[in-house]
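Here's the structure we're looking at; comments come further down.
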Amino acid sequence: MGLLPLLLRGAPKRFLRASGSYRSLYESNSRRRRHGTDAAAADQAVNSRADHRPDDQMLDFPGAKAAFTSRMEFISPNAAEAVPCFRILDDLGRALDGSDIPEVDSSLAVKMYHTMVRLQTFDSIFYEAQRQGRISFYLTNIGEEALNVASAAALTKDDVVFPQYREHGVLMWRGFTLDEFANQCFSNEAGHGKGRQMPIHYGSEKLNYFTISSPIATQLPHAVGAAYGLKMDRKNACAVTYFGDGGSSEGDFHAACNFAAVLEAPVLFVCRNNGYAISTPACEQYKGDGIVVRGRGYGMTSIRVDGNDALAVFKAVSAARKLAVEQSKPVLIEAMTYRVGHHSTSDDSTKYRSGEEIAHWRSVRDPVLRFRRWLESNAWWSVEDEKELRGAARKEVISAMNQAEKKNKPPLSELFTDVYDTLPRNLLEQEATLRDTVSKNPPSLAPH
Amino acid sequence: MAAAAMAQKVLVPCSSSSSCGKVQFSPSRVHTQAIAFGGELSQSSSRKNKSLALKAVAGETSAPVTAKSGHEILLFDALREGLEEEMARDPTVCVMGEDVGHYGGSYKVTKGLAEKFGDLRVLDTPICENSFTGMGIGAAMTGLRTVVEGMNMGFLLLAYNQISNNAGMLHYTSGGQFKIPVVIRGPGGVGKQLGAEHSQRLESYFQSVPGLQMVACSTPYNAKGLMKAAIRSDNPVILYEHVLLYNLKERIPDEEYVLCLEEAELVRPGKDITILTYSRMRHFVLQAAKTLVERGYDPEIIDIRSLKPFDLFTIGNSIKKTHKVLIVEECMRTGGIGASLRAAIVDNFWDFLDGRPECLSSQDVPTPYAATLEDATVVQPAQIIVKVEQMLQGLI
C-alpha cells in the first residue's frame, strides 16, 4: 500500500502503460500529475504490482469493488429461481408448519378484521353509488384489504404515509371516520379537501397521510424527501410509500429508490404488485422477476411477501420499519396480491381478463376471508360476530353516505383560497369579476 | 354540429411538408361559407339592406348535396379513422402509449388498430411518459412516423424534458440533419370533475417551445383532417384533443381530405365583432352566439385551430373588418394562448382596433373537483354573452 499513494499522485504516462486499469487510475488523477522525481518511484510501483499474481489483483475502480475473472460470463436476465414469497398462513388461513406467528393478540387481530370488513363494505356501497350517479367516480381496494390494513397496523401514527390511491385501508386504520371518507367523495364543504379533489383522493395532515395526487409514482420522491427530514430531526419514525406494479415503471420509482439508498433515508417502499395496471398485465410491465429484485440493484434491503396474508404483511412491515428507523436505511417490500375490482369506475376489466379469473380471486382467494378463518381457528371470531359486524358496517356506511350527500358543496369563496398563503392581486380581481358575473346572471343563463 | 363543414372538393394541405409562414389559399380549399362572405364584403351598400343574421352556426351549403353523402361519425372515431388511413397508407406510421393496443385506448381512439396492424405498430408501453415520448422521438429520428398518445395531456408534463429539449430542438441543433416527425396527442382541457391533475391545459405550457407546432381539434371534421396533416408533417406536432368532445357527432366527407395545420377555421361569418376561440370553447361560443344573434348582434366566429403558429392572415382579415376582438379560451389568464394571441394582435393589427383586444380565460387556480367550483373556474356561455354585449355597446 505504501507505493499506492505514489501511483495515485500520478506519473508520466510512459510508466503506466500496463493495462486499462492502470490507465484509468492515472487519468482520474491526471490533474495531480507530477514529473521527474516520482517517475522512478512510479516505475517501481508498477513493477511491484506486476509481481502480484493476477488473481490477487482487486478491482479498484471507483465504480465497484470486485474480484477479476478471466472467464467471460454474462449474468442471465433472471435467476434460476424467482425470489421466494414469505407467507405465514396458507390460503385457508391455517398457520404453516414452522412459521413464526407475530405478536398479534386477539384485540389487535379483531381490530384489523373490523377495519378490513368496514373497508370492504365501504368499497362495495360507494362503487354502487357511482353506478347510480350519486358520485362521479370511485376506485376500490377489493382484494388488497389485508395488505392495506396489516401494513398500516405495523406502523405508528408518526410514520408518514405517501399513498398512490389504492390505500384507503391505511387511512381507515389510522382513524379517518366514515363521515370523513364520505364527505371527500361527495366533495361537500365539510371535506378536508374543500371539494377540490376527485373522490378517493383523501388526505389528512392530522393522520400523517398525504393528500393523494393522481399521477403515478410522484409520491415516491416525496417520501424520500420526508424521510430525509425525519432523519435530520432524528425522529423515531419513517416514511412509507405505496405504489403498484405499474408505478414501478415510472422514472420517479428509479430516482426515488436510488436516492433513498444513497442518502440512507428511512423509507419503506411498499409495492402492491396486484398484477394489472389498468389493462396492462404485469408480464407486459416488466421482464425481470418483479420488483423485489430491483432492490439489490439499488443496494437496498428487500423482501417479497404474500400481500393477501395479513400476518405475513404485518410481520414483514414491522421488521422493515425497525430496520429503517434504527439503521436509517430504505427497505423495498413487494407484496404480491390481486386487483379484484376494476381499475376504477371508468374501467371494465372483463375486457382484458376473464370473469372466471376475477371470480376466483374474489371468492376463494379473498384475503379478508382468509384472515377470518385464522381468527375463527383461535376462537376469536364467530358466525354471529360476522353477521353483526357486516350488518352494522353496512348501516354505518349508508348513513355516512346519506349525510354527506345532503351537505352543501363548498362556496365560491373557497375557489381562490389556498392557491397561495394569501390572495395576490390577480386572484382578488378574478374573484371580484366572478362575483359580479354571478350576481348579474339569472339562473337561466347558468351553464349546463 | 356544422353541416357546412362538408367541403365540395378534396382539400389538400397548403404545403406538403413543413409549415408555410403564410397561409396560401387555393379556391378548392375554402369552405363555401367563406366564398359567400367574400362576395358580400365587396358590396358595402348592401350592408344596410341586409336582414339580420338568423343562424348562429354556419348554414347548409347552397350546392345540392344528397343527404346520403358523407358519413356520420363521433369525434374519437374520426381521429381513429384518420389514424387508420395514415397507417394503411404509410407503413412507417406507428402508435405508442399506455393501453393503446389490445385495450384500444382509454378513449377508444386506437380501437381495432392493434388487431389490424399488429401490436408492434400499435405498441402498449409500460407507465413512463418520459420514456415512451423519448422512444417516439428516437424512432422518428430514425425513419418512423410515431404517434405518441398521452392518456391525459397532463401526464405529458412528465415528458416535458423530451418534448422541449429533444423534439423541439434536435432538428435545429443538428443543423437540419435529423427531423422529428412525431405527433404527440391526447385528451386535455377541463373535463367534468376530473380533478386538477387531469384538467391541465398543456398548450399553455408548451407554446413557448421553439420547434413545436400545435393544433387543437374541435369537431370530427377537423379532428380527422388535422390528425392526417399532423402525421404527414415532418415537424413535431402536438395535437390537442378535448376530453369532453370525444362524443361529438358530425357528418364528414367520405372522400379523403387533409386539412392545413396552420389554418384557422371560419365558423360563422359576421360583421360586428371577431371572436377567436378553439377546442371546447368553440362550442360555448356558438351556444352564446345563439342568444347574441337573437338580440341582433352579428359575431364573426373563428376557431383558430392552429395554436402555434397563429393564422394571423385569417385573424387579421377578420379584425380589419370588425375592428373588435374577443378571445375566448380555456387556458388560465396568466400565460395562456389568449395572452400570446393578444400580444400578437396588438403587434400586428393595432391600427385596425377600436378598443383593446379582450380575453375571457379560466381562473388562475388548480381546477377544483366540486362541480360548482369547477364551473366557476372556466368560461361559461353567459359570460361570453355579457362580454360581447359590453363590447358592442361601447361599455368597455
With chain B, the option among A:Ser346, A:Ser248, A:Ser214, A:Ala277 that has the most non-hydrogen atom pairs under 4.5 Å is A:Ser214

Decide yes or no on side chain to side chain contact (heavy atoms under 4.5 Å, CB included) for A:Leu415 and B:Thr377, but give the supporting numbers first. CA-CA 8 Å; A:Leu415 181 60; B:Thr377 312; 3.5 Å; yes

Using non-hydrogen atoms only, which part of B:Glu129 is less than 4.5 Å away from chain A: side chain, backbone, both, or neither? both

Give the member of B:His102, B:Arg333, B:Glu98 that has the highest number of heavy-atom pairs under 4.5 Å with chain A. B:His102

Quick one: CG on B:Asp99 to OG on A:Ser279, what's the gap to the nearest 0.5 Å? 3.5 Å

Looking at chain A, which one of B:Pro126, B:Gly195, B:Ala371, B:Gly154 has the largest number of heavy-atom pairs inside 4.5 Å, strictly under? B:Pro126

When only pairs under 4.5 Å are counted, which of B:Leu157, B:Asn130, B:Leu194 shares the most heavy-atom pairs with chain A? B:Leu194

Can you tell which of A:Asn188, A:Thr433, A:Val419, A:Asp418 has the highest number of heavy-atom pairs within less than 4.5 Å of chain B? A:Val419

Within-4.5 Å side-chain heavy-atom neighbours: B:Cys128 and A:Phe253: no

In Å, rounded to the nearest 0.5 Å, how long is the span from CD of B:Gln383 to CG of A:Asp436? 10.5 Å

Given that the side chain runs from C-beta out, which part of B:Thr334 has a heavy atom under 4.5 Å from chain A: side chain, backbone, both or neither? side chain

Is the backbone N or O of B:Asp364 less than 3.5 Å from a side-chain atom of A:Gln430, with the two atoms forming a donor-acceptor pair by type? yes

Determine whether more than 12 heavy atoms belonging to other residues, nucleotides or ligands lie under 6.0 Å from atom CZ of A:Arg131. yes

Could you tell me if A:Ser136 and B:Tyr369 have a donor-acceptor pair between their side chains, going purely by distance under 3.5 Å? yes

May I ask you to name which of A:Lys194, A:Glu284, A:Lys409, A:Lys351 has the most heavy-atom pairs under 4.5 Å with chain B? A:Glu284

Most heavy-atom pairs under 4.5 angstrom with chain B, which of A:Pro410, A:Gly251, A:Gly191? A:Pro410

What I want to check is whether the side chains of B:Gln363 and A:Glu431 have a donor and an acceptor closer together than 3.5 Å. no

Closest-packed option against chain B by number of heavy-atom pairs under 4.5 Å, given A:Leu427, A:Ile216, A:Thr218: A:Leu427

Might you confirm whether atom CG of A:Asn402 has over 12 heavy atoms from other residues, nucleotides or ligands at distances under 6.0 Å? yes

Are more than 12 heavy atoms from other residues, nucleotides or ligands located less than 6.0 Å from atom CG of B:Leu120? no

What part of A:Asp347 is in contact with chain B, defined as an atom under 4.5 angstrom from a non-hydrogen atom: side chain, backbone, both or neither? both

Turns out that what part of A:Phe416 lies under 4.5 Å from chain B's heavy atoms comes down to both

A:Ile278 side chain reached by B:Met151 side chain, heavy atoms, under 4.5 Å: yes

So which of A:Glu414, A:Glu250, A:Gln285, A:Arg196 has the largest heavy-atom pair count under 4.5 angstrom toward chain B? A:Glu250

Around atom CD of B:Gln393, are there more than 12 heavy atoms from other residues, nucleotides or ligands closer than 6.0 Å? yes

Closest approach of A:Leu412 and B:Ala376, non-hydrogen atoms and distance? CD2-CB, 3.5 Å

Are A:Met198 and B:Glu197 close enough that some pair of their side-chain heavy atoms sits under 4.5 Å apart? no

Given a strict heavy-atom distance threshold of 4.5 Å, which part of A:Pro199 is in contact with chain B: side chain, backbone, both, or neither? both

Do other residues, nucleotides or ligands put more than 12 heavy atoms under 6.0 Å from the CZ atom of A:Phe176? yes

Exceeds 12 heavy-atom contacts within 6.0 angstrom, atom NZ of A:Lys407: yes

